[in-house]
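We count ligands from 1, going down the list as the structure has it; atoms in each ligand are counted the same way.
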Amino acid sequence: SRNWVVMVTAQTPTNIAVIKYWGKRDETLILPVNDSISVTLDPSHLCTTTTVAVSPSFQQDRMWLNGKEISLSGGRFQNCLREIRACACDVEDTKKGIKITKEDWGKLHVHIASYNNFPTAAGLASSAAGFACLAYALGKLMNVKEDDSQLSAIARQGSGSACRSLFGGFVKWKMGKEDNGSDSLAVQLADEKHWDDLVIIIAVVSSRQKETSSTSGMRESVETSLLLQHRAKEIVPKRILKMEEAIRNRDFASFSQLTCADSNQFHAVCLDTCPPIFYMNDTSHRIISIAEKWNRSEEAPQVAYTFDAGPNAVLIARNRKASALLIQRLLYYFPPSSDDLDSYIVGDKSIAKD
Ligand code: PMV
């Protein structure tokens, strides 16, 4: 019969790098010039839900993002689909009388429906959650036996940062040594329970799409920035070790110092790129000043900040009390009537501007 459909649904949160990935040594395989470390957000915010389905009645692979059909012809989708199919195994549902063999997976087509619970164009790392979820859901559908790190190497080929969203908690993407990318994958450093005092607040400075995509920005930085070379060779390897230690010891002072310094260095690399790339704006800079001033006025740092390829601030407060004080400060400097911030997204709740 051609009437059956087998479906799998998965949900994956996005992740925020505290030691940044910036620069590829291989653009097709997406191999980075340095290791990176991230924290995966709690699944109630900024996550992707993806349903993948297979049926003999499907004529071609198709995908819908937030209800709108998108093209799967891009190399990144094709690479992910091909790699997952290569690992597919037999699937049998005796009750329903369905059997799909390893060989069948090469011929059957899939339909993919993906939803982001946040605005896709908001420059809030939507591709990270998206490709991680796609790789995971397809892996489950096709009974792939590879472990999550091996799946992360497939998600990596969709979007580099996606490989880190296969795990919760703190995650390291090891750049790897191999030319074929087999050892460029994510490993979990600590699970989500290890340091659950931290509260992540995202100040949405602008929900417009970024002007320079990470792909072209990285290419330009690799080609023109000497600071990038220095950072990748001399700075990041040492920072990775210190960051791993800070996470292991739940040492917020070191964690905050390293996170802020690494975000600032990433944006310095962007400025060192020719022509320069500006991801942060005046509001981003004001948020940095507010955080720095507050940290200096206390005995110990209360907040870490980090910015990706856009102006939105990701603020990591040391605990609930610090997050409440931080929100008070943000509301004072950026009252709901001001146009500087679009909204806040806080640990377990959102504060809309209006
Ligand atoms: O995976 P991409 O191509 O979206 O690149 C992500 C780059 C940064 O977000 C700026 C840094 C990072 O490590 O996530």
Testing the 3.5 Å rule here: is there a donor-acceptor pair between the side chains of Asn79 and Arg76? no
Is there a nitrogen or oxygen of Lys24 sitting under 3.5 Å from a nitrogen or oxygen of ligand 1? no
Pairs touching residues 252-262 that satisfy salt bridge (Lys or Arg N to Asp or Glu O under 4.0 Å), sequence neighbours left out: Arg231-Asp262, Arg239-Asp262
State the CD-OG distance between Glu245 and Ser254, to the nearest 0.5 angstrom. 7.5 Å
Just by distance, no angles: are the side chains of Thr48 and Thr50 close enough, under 3.5 Å, to form a donor-acceptor pair? no
Atoms of ligand 1 close to Gly160 [distance to a heavy atom under 4.0 angstrom, numbered from 1]: 1 (O)
Side-chain contact, heavy-atom cut-off 4.5 Å: Tyr305 with Glu292? yes
Could you list which atoms of ligand 1 come closer than 4.0 Å to a heavy atom of Phe266? 10 (C)
Against heavy atoms of Met218, which atoms of ligand 1 measure under 4.0 Å? 3 (O), 5 (O), 7 (C)
Below 3.5 angstrom, do we get any N/O pair linking Ser159 and ligand 1? yes
Decide yes or no for Val91 and Val6: does some side-chain heavy atom of the first lie under 4.5 Å from some side-chain heavy atom of the second? no
Heteroatom distance test (Thr215, ligand 1): nitrogen or oxygen, under 3.5 angstrom: no
Any N or O of Trp22 that comes nearer than 3.5 Å to an N or O of ligand 1? no
Matching residue for Asp61 among Leu72, Ile112, Leu108 - test: side chain to side chain contact (heavy atoms under 4.5 Å, CB included): Leu72
If we count only N and O atoms by modelled type, under 3.5 Å, do the side chains of Asp42 and Ser44 hold a donor and an acceptor together? yes
Within less than 4.0 angstrom of ligand 1, does Trp173 place any heavy atom? no
If you measure from each non-hydrogen atom of Arg156 to ligand 1, which part falls under 4.0 Å: side chain, backbone, both or neither? neither
Which of the numbered atoms in ligand 1 are below 4.0 angstrom from a heavy atom of Ser127? 4 (O)
What part of Ser36 sits under 4.0 Å from ligand 1 if we count only heavy atoms: the side chain, the backbone, both or neither? neither
